[in-house]
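Right, one structure below, let's go through it.
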Protein chains: 2
Amino acid sequence: MTEPQTPDTAPSTGSVKKHGRDGKSNATIYDIAKLAGVNASTVSRALSKPGRVSSKTQKLIEDAAAQLNYQVNPFARALPTGKTNTFGLIVADITNPTFFDIIRGAETTATSRDYTLVLAESAESPATELTAARRLMATVDGLILASPRMDDDNIRALAQDKPVVVINREVEGVPCVVPDVNKGISEAIRSMAANGHQRIAFVAGPPQSWMSERRWEGVQAACEWSRLEAVRLESSKPTVDGGRQTARDVRASGATAVMTYNDLLAIGLMQELQAAGMVVPDDISIIGFDDIFGADFTTPPLTTVRSPLGECGEAAATRLLDFLHGSGEQAGTLSVETELVLRGSSGRILPAK
Amino acid sequence: MTEPQTPDTAPSTGSVKKHGRDGKSNATIYDIAKLAGVNASTVSRALSKPGRVSSKTQKLIEDAAAQLNYQVNPFARALPTGKTNTFGLIVADITNPTFFDIIRGAETTATSRDYTLVLAESAESPATELTAARRLMATVDGLILASPRMDDDNIRALAQDKPVVVINREVEGVPCVVPDVNKGISEAIRSMAANGHQRIAFVAGPPQSWMSERRWEGVQAACEWSRLEAVRLESSKPTVDGGRQTARDVRASGATAVMTYNDLLAIGLMQELQAAGMVVPDDISIIGFDDIFGADFTTPPLTTVRSPLGECGEAAATRLLDFLHGSGEQAGTLSVETELVLRGSSGRILPAK
DNA sequence: CAATTCATGGCAACCGGTTGACAAAACGAG
DNA sequence: CTCGTTTTGTCAACCGGTTGCCATGAATTG
């Protein structure tokens, strides 16, 4: 017998089972192995490598597993494989309803493919975002960045480590899911033109927002095409409050129609203009972006360019998972369509009576 | 020298490093140990047991760790300790804005205490909820259930396994965080009474909702106290759509003021009543519950009983983490205050002209 | 019937930390 | 200067799976 170097199971440490688990919870593959009269590695194979063991043994093991109501220990599994069946989603601001649908889309997809979603927030700060991303990197198989605020380079660096999918922004060399604003914007601008507007104001979003620039470019292009004049205004922050604060500039701009970087701004702006006695859309038309939850609660309901945010979340998660499973390798950008949702806040301007 | 049983580092397996990591990413404590000239276990202690190693060695190790930009492998750590620095949050419906603030509160608290938040959704189904909970249980240190739909017994069973905190429901023997509806409700009912209303309708939420019952009881009690009549109506689902569908019943009820189980119902109800030509609040007063995002977008803005949802999320996370760190052991219910937010949708009824 | 292939299960090393037990070194006291 | 105590670091076992390699026996083939 080769005794020297085999401490093996013999000592068996009659010592206290230190973890003193609650009693039932945790069966291990070793327990199953004992019960089924096979080796633990066979159990492992039966449970994860379909077809690797005979169907007889398979059944034996499955029964034993069921009897002990076994559940794999994800950590034990993750340690040697490096796979966690988990992915991360980082959003700029959890309270911003824009992200609700994205979160939901990602969560649903994750769960349906047996993945777990880990959520983190960057509070609109590039630094926080990067920290959160690094933190998550250690525990997830992949990462989705929704409207990231950090540099392209940082994103690429992350993408080198683990699969990354970006939503709402285009980053060279990294798979992205981006609403193509052009369709929605041109519908909107055409509608404005048809209603006789001549001068369109665009209220921009945060300077780091890639999407804000795209929207502004889209508005410019569409206005040029329709021979309308486009003026750009800035906002302090992309919230209802920020929208209120832009009311002054909007009135000063002389525009009869306004598009805003997002719905929140539009809602704030509308509230403030109405409070000042203006009538929407008779005095001024307002068009938002995204069609967030609540956009139709306003009076009049908000006309807006809808981004299919839920779809974005789903698509991003799907791309990520496909990638993890070795299918879709392409790193390009996936475009999703936007469309104009015509509600009450836009229309023909009434001639001053 | 004691050679017999020390295979130790010698073999060093010149074989391919199978994981072939990307290059820089992953230093292990063994790398640090080698660099610092100490044993790996010393490194482990230096990094997690403050004061266990001499400050000289400590420094040595920290420098080496910094140089290799070491990051602990959470799985390797979780395996022997069972601690994951992660907790789960299960909500009934991710798209329901009621939960946005809860999620945000929990996420913020988690991050600030160096925990990671894992999010799951039950889609309002007790079965899905239980499955999700079980799934999460394996990977988290604790669980927060927001407005759970499953049985008390199931919740208690989970709580036996790992720390659980419940939001928006009271479960005997499990720590809970629950808005105390009474203050807000009595303020609301008193305000109704002061405005001359006599008959109040309450539109209830889902039958499994514990909170819906509490609110109905609160309304009944407050009405009794103010000598008003309370009638109860049912809703099909606690959404804007569900609210629209109750409009019929509301009108039939003869009530001049309505409280709804939540804001969504109130908003839908208001939309439908307005569409039918009624004026809020001149013809009927509407009061919602929760003060969700968007409740003030409506015209008139919605009067509502605010539940401090963000606080609930925070408080639940805090309780959970305190518990995990051995401080707060008490299993009672933590009440948070509700208050009436008086906006435009409630007021004195105008006598039919 | 012998030779070869193939399906199956076992062995043991490994993933990267943690930790109890213990030995060596440092320290303090008598 | 010696002995007991405390500090500091090492050893090796463990957490619970995964997987390359090998031995066995059955099935296939010449």
Side-chain angles (χ1 to χ4, degrees), chain A residues 2 5-21 25-33 36-49 51-58 60-61 65 70-85 138, chain B residues 1-9 11-13 15-21 25-33 36-49 51-58 60-61 65 70-85 138-139:
Chain A
T2 56
Q5 71 282 52
T6 63
D8 76 17
T9 59
S12 92
T13 159
S15 70
V16 281
K17 235 197 151 188
K18 72 196 60 145
H19 260 299
R21 322 285 192 138
S25 35
N26 53 318
T28 72
I29 54 170
Y30 296 94
D31 300 331
I32 297 180
V38 299
N39 186 283
S41 56
T42 304
V43 175
S44 173
R45 289 196 179 96
L47 264 28
S48 48
K49 299 265 193 315
R52 181 55 171 73
V53 306
S54 72
S55 55
K56 218 177 59 201
T57 324
Q58 179 84 31
L60 206 59
I61 290 174
Y70 167 80
Q71 304 209 160
V72 289
N73 177 324
F75 306 111
R77 167 117 78 186
L79 194 43
T81 61
K83 288 294 148 220
T84 66
N85 261 248
Chain B
M1 304 176 192
T2 56
E3 299 222 78
Q5 72 282 51
T6 64
D8 77 16
T9 59
S12 91
T13 157
S15 70
V16 280
K17 233 198 153 188
K18 72 195 59 143
H19 260 297
R21 322 283 192 137
S25 33
N26 54 319
T28 73
I29 54 171
Y30 295 94
D31 300 330
I32 297 179
V38 299
N39 187 283
S41 54
T42 304
V43 175
S44 173
R45 290 200 174 94
L47 265 28
S48 48
K49 298 268 195 313
R52 180 58 171 72
V53 306
S54 70
S55 55
K56 220 176 58 200
T57 325
Q58 179 84 31
L60 206 60
I61 290 173
Y70 167 80
Q71 303 208 159
V72 290
N73 177 324
F75 306 111
R77 169 127 63 196
L79 192 44
T81 62
K83 288 293 147 222
T84 67
N85 261 247
T139 44

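Worth knowing before you read on, the calculation uses all heavy atoms, side chains too, and leaves out hydrogens, waters and symmetry mates. Below, chain A is the first sequence line, B the second, and so on; all start at residue 1.
- Residues B:Leu47 and B:Tyr70 have side chains in contact (heavy-atom distance under 4.5 Å, counting atoms from C-beta outward).
- For C:dT18, one of the phosphate oxygens OP1 or OP2 lies less than 4.0 angstrom from a side-chain nitrogen or oxygen of B:Arg77.
- Contacts of A:Thr28 classified as side-chain contact (heavy atoms from CB on, under 4.5 Å), with partners at least two apart in sequence or in another chain: A:Tyr30, A:Asp31.
- Using a 4.0 Å cutoff on non-hydrogen atoms, the parts of residues 39-47 of chain B near DNA chain D are B:Asn39, B:Ser41, B:Thr42, B:Arg45, ordered by number.
- Side-chain contact between A:Thr84 and B:Thr139 is absent, with no heavy-atom pair separated by less than 4.5 Å.
- Counting to the nearest Å, the P atom of D:dG17 and the CG atom of A:Asn85 are 15 Å from each other.
- Note: B:Asn73 CG to B:Ile29 CD1 = 10.5 Å, rounded to the nearest 0.5 Å.
- Comparing B:Arg52 and B:Ala76 against DNA chain D, the residue whose closest nucleotide sits nearer the 5' end is B:Arg52.
- Across A:Ala138 and B:Gln71, no two heavy atoms sit closer than the pair CB-NE2, 4.5 Å.
- Residues passing the side-chain contact (heavy atoms from CB on, under 4.5 Å) test with A:Ala36 are A:Val38, A:Leu60, A:Ile61, A:Ala64, sequence neighbours excluded.
- Closest of all the heavy-atom pairs between B:Pro80 and B:Arg77 is CD-O, 3.3 Å.
- For D:dG16, the base has no donor-acceptor partner in the side chain of A:Tyr30 [N/O atoms by modelled type, under 3.5 angstrom].
- As a whole-Å value, the separation of A:Phe75 CZ from D:dC14 C1' is 17 Å.
- One can place CG of A:Leu79 at 17 Å from P of D:dC14, the figure rounded to the nearest angstrom.
- Summarising the geometry, the separation between CG on A:Asn73 and C1' on D:dT18 is reported as 13 Å, rounded to the nearest angstrom.
- In this view, A:Ser41 and A:Asn39, A:Arg45 satisfy the side-chain contact (heavy atoms from CB on, under 4.5 Å) rule, not counting sequence neighbours.
- Distance, B:Gln71 CD to C:dC15 P: 19 Å, rounded to whole Å.
- When rounded to the nearest whole Å, the span between CD1 of B:Ile32 and C1' of D:dT10 equals 17 Å.
- Listed pair B:Lys49 / C:dT19 meets the phosphate criterion, a side-chain N or O lying under 4.0 Å from OP1 or OP2.
- Side-chain nitrogen and oxygen atoms of A:Ser48 include at least one within less than 4.0 Å of the OP1 or OP2 phosphate oxygen of D:dT18.
- Every side chain to side chain donor-acceptor pair (under 3.5 Å) that A:Thr57 has, sequence neighbours left out, goes to A:Ser54.
- Annotation: the terminal axes of the helix from C:dC1-D:dG30 to C:dG30-D:dC1 meet at 40°, where each axis is the rotation carrying the C1' atoms of four end pairs onto the next four (5 pairs per end, rounded to 10°).
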